[in-house]
Q: 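The structure under discussion is supplied below as structure tokens; questions concerning it will follow.
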Amino acid sequence: LQEMDERFFVNRTQLEVSLLNGFLGKKGSLRTQLERANVLIPTLERTLGRLIDNDNYREAESVVDLGKPVYRRAANDEDNYRWSVLVKRVEEGKRLLPHVAKYIDTLAEDPDDPAANYAVGWYMCMVKDNWMQGAKLLAKSDDEQLRMLAQLEIQGDASMDRHVRLGDAWWDYAERHKKEKLLFEGALQRSRKWYLSASEGLAGGLDRIRANNRLDNIDRLIGKVPRIVDGQTIR
């Protein structure tokens, strides 16, 4: 597949979907040998991620169905966690895309429209996990809290202090949105990214202790598997 992708004009994602069907479909060669099917886990995840990127939720649902027995039988905790995140993104993406589509058209006509920047930026970040583009849109949105967070996200400052501030800010945002599942977990995921970076980059002190404590709490809240920090398992 890699060589075909490099040499020819092919649809890599469609080829991978066909490959997964060949192995895991009704007549697939690994359909009854699921312990061996764990070799397909990277392909399942990569394919599902690309389908989400392309807003192809119908095909994504078929890949979810192919992957279910593999993850039940052959996946470890870390694999299952990553898969559950992707499945949630498929479910929410399918639900939200019709609503977001009209705002995409609005942005084409008026790139500074605050409501459209909010709707599309939120979708890009929370569903498609495309923070590079999504944060730029949210920075022009009509949601004051998200606008300030997004502006901090897109700053070029690489200091550990900024990483800690972003971890704190997303943690606080998640605390204020506990009843909105996708938003709550998305904010915690973003907080986790910045705390993890701070935890690894800070030499020590109170900020590193707080980052590690918050990471522990986030992992518990979102069902993440234990982390390894400095050679020690953190639960």
Side-chain angles (χ1 to χ4, degrees), residues 41 45 48-49 52 64 71-72 75-93 95-96 118 121-132 134-135 137-139 141 143-155 157-235:
I41 284 175
E45 293 177 4
L48 198 53
I52 294 170
V64 169
Y71 282 84
R72 280 199 301 265
N76 59 35
D77 288 343
E78 183 69 26
D79 294 332
N80 274 308
Y81 171 74
R82 292 196 308 272
W83 184 250
S84 69
V85 171
L86 285 168
V87 171
K88 286 178 185 175
R89 288 168 57 196
V90 170
E91 293 169 350
E92 292 299 323
R95 183 177 68 85
L96 291 171
Y118 169 77
W122 191 94
Y123 177 77
M124 293 290 289
C125 290
M126 301 298 175
V127 174
K128 296 169 77 72
D129 198 33
N130 185 340
W131 287 83
M132 182 175 293
L137 297 174
L138 287 178
S141 74
D143 184 299
E144 183 178 357
Q145 294 176 353
L146 277 178
R147 186 172 66 248
M148 293 175 63
L149 274 168
Q151 289 169 352
L152 184 59
E153 281 271 354
I154 63 179
Q155 286 180 8
D157 180 9
S159 70
M160 285 300 105
D161 176 66
R162 171 173 166 268
H163 291 202
V164 171
R165 284 190 292 133
L166 275 163
D168 289 343
W170 282 114
W171 170 273
D172 292 340
Y173 189 82
E175 285 285 295
R176 292 192 293 270
H177 295 85
K178 287 183 177 179
K179 294 182 179 180
E180 301 169 71
K181 186 175 178 59
L182 184 64
L183 194 56
F184 176 67
E185 292 198 359
L188 285 180
Q189 289 280 3
R190 201 60 183 169
S191 178
R192 186 181 193 277
K193 168 197 162 39
W194 292 113
Y195 277 139
L196 190 60
S197 175
S199 174
E200 294 172 349
L202 293 168
L206 293 177
D207 281 342
R208 190 168 193 262
I209 292 172
R210 186 172 79 261
N212 275 321
N213 286 338
R214 288 274 174 88
L215 281 167
D216 187 22
N217 285 328
I218 291 170
D219 290 351
R220 176 179 52 80
L221 288 166
I222 64 177
K224 189 75 173 64
V225 298
R227 294 176 297 112
I228 305 297
V229 178
D230 296 335
Q232 300 294 318
T233 301
I234 307 297
R235 296 186 180 274

Q: Answer yes or no: is there a side-chain heavy-atom contact under 4.5 Å between L166 and R190?
A: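 Heavy-atom side-chain distance check fails, nothing below 4.5 Å.
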Q: Are K88 and E91 within salt-bridge range, i.e. N to O under 4.0 Å?
A: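 No, no charged N to carboxylate O under 4.0 Å.
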Q: Determine whether L196 and K193 satisfy the following criterion, side-chain contact (heavy atoms from CB on, under 4.5 Å), listing intermediate values before the conclusion.
A: CA-CA 5 Å; L196 190 60; K193 168 197 162 39; 6.0 Å; no
Q: Should L188 and R192 count as side-chain neighbours, where that means a heavy-atom distance under 4.5 Å?
A: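 When only atoms from C-beta onward are counted, R192 and L188 do not touch, as no gap falls below 4.5 Å.
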Q: Would you say the side-chain atoms of Y195 and D168 include a donor-acceptor pair closer than 3.5 Å?
A: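 A pair is found: one side chain offers a donor N or O, the other an acceptor, under 3.5 Å apart.
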Q: Using side-chain contact (heavy atoms from CB on, under 4.5 Å), reason through N217 and R220 one step at a time and then give a plain yes or no.
A: CA-CA 5 Å; N217 285 328; R220 176 179 52 80; 3.4 Å; yes
Q: Taking all heavy atoms of S197 and all of H163, pick out the closest pair and write down the distance.
A: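 Here S197 and H163 meet closest at OG-ND1, 2.6 Å.
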Q: Do M126 and W131 have side-chain heavy atoms sitting under 4.5 Å apart?
A: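 With C-beta onward as the side chain, the pair touches.
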Q: Could you tell me if the side chain of W122 sits less than 4.5 Å from the side chain of L96, heavy atoms only?
A: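 Yes; the side chains approach each other to less than 4.5 Å.
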Q: For residues L182 and V127, report the shortest heavy-atom separation together with the two atoms involved.
A: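 Residues L182 and V127, closest heavy atoms: CD2-CG2, 4.0 Å.
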Q: Assess whether a salt bridge exists between R176 and D172, defined as any Lys/Arg side-chain N lying under 4.0 Å from an Asp/Glu carboxylate O.
A: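 Judged by the 4.0 Å cut-off on N to carboxylate O distance, R176 and D172 do not form a salt bridge.
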Q: Has the side chain of S141 got a donor or acceptor atom that lies under 3.5 Å from a matching backbone atom of L138?
A: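 Checking the backbone N and O of L138 against the side chain of S141, a donor-acceptor pair under 3.5 Å is found.
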Q: Compare every heavy atom of C125 with every heavy atom of A135, then report the nearest pair and how far apart it is.
A: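 Here A135 and C125 meet closest at N-SG, 3.6 Å.
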Q: Identify, with sequence neighbours excluded, every residue that meets ring pair (Phe, Tyr, Trp, His ring centres under 6.0 Å) alongside Y173.
A: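 Y173 satisfies ring pair (Phe, Tyr, Trp, His ring centres under 6.0 Å) with W170, H177 once adjacent residues are dropped.
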Q: Look only at the side chain of N80 and the backbone of N76, and say whether a donor-acceptor pair between them is shorter than 3.5 Å.
A: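 Answer holds: yes.
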Q: Does any N or O in the side chain of R162 come within less than 3.5 Å of the main-chain N or O of E153, such that one atom is a donor and the other an acceptor?
A: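 Yes, because the side chain of R162 sits within donor-acceptor range (under 3.5 Å) of the backbone of E153.
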Q: Nearest 0.5 Å, please: how far is CD in Q189 from CD1 in I222?
A: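 CD of Q189 is found 4.0 Å from CD1 of I222.
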Q: Is I41 close to Y71 at the side-chain level, that is, under 4.5 Å between some pair of heavy atoms?
A: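 Yes; the side chains approach each other to less than 4.5 Å.
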Q: Before accepting this row, confirm whether a basic side-chain N of the pair K178/E175 lies closer than 4.0 Å to the acidic partner's carboxylate O.
A: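 Looking at K178 and E175, the cut-off is met.
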Q: Applying ring pair (Phe, Tyr, Trp, His ring centres under 6.0 Å), name anything that partners W171, two or more places apart in sequence or on another chain.
A: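 Ring pair (Phe, Tyr, Trp, His ring centres under 6.0 Å) list for W171, sorted by chain: empty.
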Q: Judged by atom type as modelled, is there a donor-acceptor pair below 3.5 Å linking the side chain of S191 to the main-chain atoms of G167?
A: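 Judged by distance alone, yes, a pair lies under 3.5 Å.
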Q: Measuring from atom CE of M132 to atom CD1 of I154, what distance do you get when rounded to the nearest 0.5 angstrom?
A: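 Between atom CE of M132 and atom CD1 of I154 there are 11.5 Å.
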Q: For I52, is there any backbone N or O sitting under 3.5 Å from a side-chain donor or acceptor partner on K128?
A: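 Yes, because the side chain of K128 sits within donor-acceptor range (under 3.5 Å) of the backbone of I52.
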Q: Atom CZ of R165 and atom CH2 of W194: how far apart are they, to the nearest 0.5 Å?
A: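 One gets 11.0 Å once the value is rounded to the nearest 0.5 Å.
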